[in-house]
Amino acid sequence: MKKQMKMKTIILLLRLLQIILNVANFTIAEPIYSEIFRCKKDSGTYQPNSLYKTNLVSALKSLPALTFNSVGVKPNQVTAVALCAGYLNPKDCKSCVDKTIPLLLQKCPNQKGAAAWRMKCMVKYGEYVVNNYDVWFVANEVSGTKTKDVVGLQNVLSSLGDTLLLGLYKEQPTGYAFDNIRYGSQKVYMVMQCIGDILPNDCTKCLRHISGEIKRCCSGAIAAAILTPNCYMRYAHSDFRVL
């Protein structure tokens, strides 16, 4: 009798331990932040002591006080852009951008066009493009933890994404939307955002484009982000604004 009670106690403890580990894995897996650097290969190159390099340094120095700055005239004109998550405070935004700039210049030492995503900010520079819907790279960050209810999660993400698209330009800051939706006993949090100088129509096109990437790259993932030079979206089962 005592052996049976002892065995039942051990089984209960093992089940409890499994639950704790599952919860821990579920939490640790999100949010996912990577350091993503892309050098635009077709943008051309510049020399270390060139006018282009001088204009580039000047344009980058203005960030993030200016989220968009263009210095010089063609063919040595440089446009620099910074984007911080809409929920980030100014101090953390500046810190993120200031740390990203030298790393980007190191990764792309002579490329005329480049972009970087680090933590909660993005920095890019290159030729000014009138059509901001120039998705020359798409990167993703994906949790290794998957849900068994893939279809259910996809439906929730689609519904929440549609809601955010409708609210992008209704409140300040414009081009930014954040919300959550109930998913079973938990919630799914999502953010969508575009760079500040993008046209509203191009912003919507950019976000719809990357929304389509979710099924291809991140099906069933409990947390993921799709990142481009002009817009991004992120979702998770925890409120990543406070992490």
Side-chain angles (χ1 to χ4, degrees), residues 23 25-36 67 82-89 92-93 96 115 117-122 132-133 135 137-196 198 200-243:
V23 171
N25 289 333
F26 192 78
T27 305
I28 291 171
E30 56 177 337
I32 310 298
Y33 293 115
S34 303
E35 294 196 350
I36 297 167
T67 57
L83 173 67
C84 288
Y87 51 85
L88 208 61
N89 64 58
D92 289 340
C93 173
C96 185
W117 269 101
R118 289 187 65 254
M119 296 297 290
K120 300 178 181 180
C121 73
M122 186 273 294
N132 282 311
Y133 181 52
V135 186
F137 84 82
V138 178
N140 60 69
E141 302 167 340
V142 188
S143 168
T145 307
K146 307 287 185 178
T147 179
K148 293 181 179 179
D149 182 22
V150 176
V151 175
L153 179 59
Q154 287 179 347
N155 290 337
V156 165
L157 293 176
S158 178
S159 175
L160 184 53
D162 288 343
T163 299
L164 295 188
L165 284 172
L166 291 174
L168 280 169
Y169 288 90
K170 289 185 177 180
E171 299 179 5
Q172 294 291 333
T174 58
Y176 164 81
F178 175 90
D179 206 345
N180 66 78
I181 190 172
R182 179 65 61 181
Y183 174 56
S185 61
Q186 301 185 25
K187 288 183 178 180
V188 174
Y189 298 82
M190 182 183 287
V191 62
M192 287 184 170
Q193 189 173 359
C194 294
I195 58 174
I198 197 171
N201 188 46
D202 287 333
C203 175
T204 300
K205 286 181 181 178
C206 189
L207 289 168
R208 287 197 182 281
H209 175 84
I210 63 176
S211 294
E213 293 289 323
I214 288 292
K215 289 183 181 180
R216 286 186 282 273
C217 76
C218 322
S219 181
I222 64 166
I226 308 293
L227 312 167
T228 82
N230 297 312
C231 70
Y232 79 97
M233 68 174 295
R234 181 182 300 278
Y235 74 86
H237 284 69
S238 59
D239 191 346
F240 41 79
R241 295 176 301 173
V242 298
L243 297 175

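Residues take their numbers from the sequence shown, with the count starting at 1.
- The SG atoms of Cys96 and Cys121 sit under 2.5 Å apart.
- Shortest non-hydrogen contact noted between Ala115 and Phe137 is CB-CE2, 3.6 Å.
- Of the possible polar contacts, none joining the Gln193 side chain to the Ala177 backbone as a donor-acceptor pair under 3.5 Å is found.
- Interatomic distance, NZ of Lys215 versus OG of Ser158, reported as 6.5 Å (0.5 Å rounding).
- Proximity of Leu227 to Val138: side-chain heavy atoms (C-beta onward) are nowhere separated by under 4.5 Å.
- Residue Met192 comes nearest to Leu168 through the heavy atom pair O-CD2, 3.9 Å, listed as atom of the first residue, atom of the second, then distance.
- A distance below 6.0 Å separates the ring centres of Phe178 and Phe240.
- No side-chain heavy atom of Asp149 sits under 4.5 Å from any side-chain heavy atom of Leu153.
- Between the CD1 atom in Ile226 and the SG atom in Cys218 there is a gap of 4.0 Å [rounded to 0.5 Å].
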Let me see the working for Tyr235 and Ile214 under side chain to side chain contact (heavy atoms under 4.5 Å, CB included), right down to the final yes or no. CA-CA 10 Å; Tyr235 74 86; Ile214 288 292; 3.9 Å; yes

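- When every heavy atom of Ile222 is checked against every heavy atom of Lys146, the shortest pair comes out as CG2-C, 4.2 Å.
- Here the closest non-hydrogen pair linking Asp162 and Arg208 is OD1-NH1, 4.4 Å.
- Using modelled atom types, one side-chain atom of Asp239 and one backbone atom of Arg241 make a donor-acceptor pair closer than 3.5 Å.
- Here CZ of Arg234 is found 11.0 Å from CG of Asn140. Values are rounded to the nearest 0.5 Å.
- To the nearest 0.5 Å, the span separating CD1 on Ile195 from CE on Met122 amounts to 6.0 Å.
- To the nearest 0.5 Å, atom CD1 of residue Ile181 and atom NZ of residue Lys187 are 11.0 Å apart.
- The closest side-chain heavy-atom distance from Asn180 to Val188 is not below 4.5 Å.
- Listed for the Ser211 side chain is a donor-acceptor partner under 3.5 Å among the backbone atoms of Leu207.
- Residues Val142 and Cys217 share a closest heavy-atom pair of CG2-O, 4.1 Å.
- Considering all non-hydrogen atoms of both residues, Ser219 and Gln154 come closest at OG-NE2, 3.2 Å.
- Tyr183 has its side chain within reach of Thr147: a pair of non-hydrogen atoms, C-beta onward, lies under 4.5 Å apart.
- Distance CG/Asn230 to CG/Leu83: 9.5 Å, rounded to 0.5 Å.
- Trp117 contributes a side-chain N or O that, together with a main-chain N or O of Thr228, makes up a donor-acceptor pair within less than 3.5 Å.
- Remark: the backbone N or O of Lys170 is not paired with any side-chain donor or acceptor of Thr174 at under 3.5 angstrom.
- Cys231 has its SG atom at least 2.5 Å from the SG atom of Cys203.
- You'll find the side chain of Tyr176 stays beyond 4.5 Å of the side chain of Glu171, heavy atoms only.
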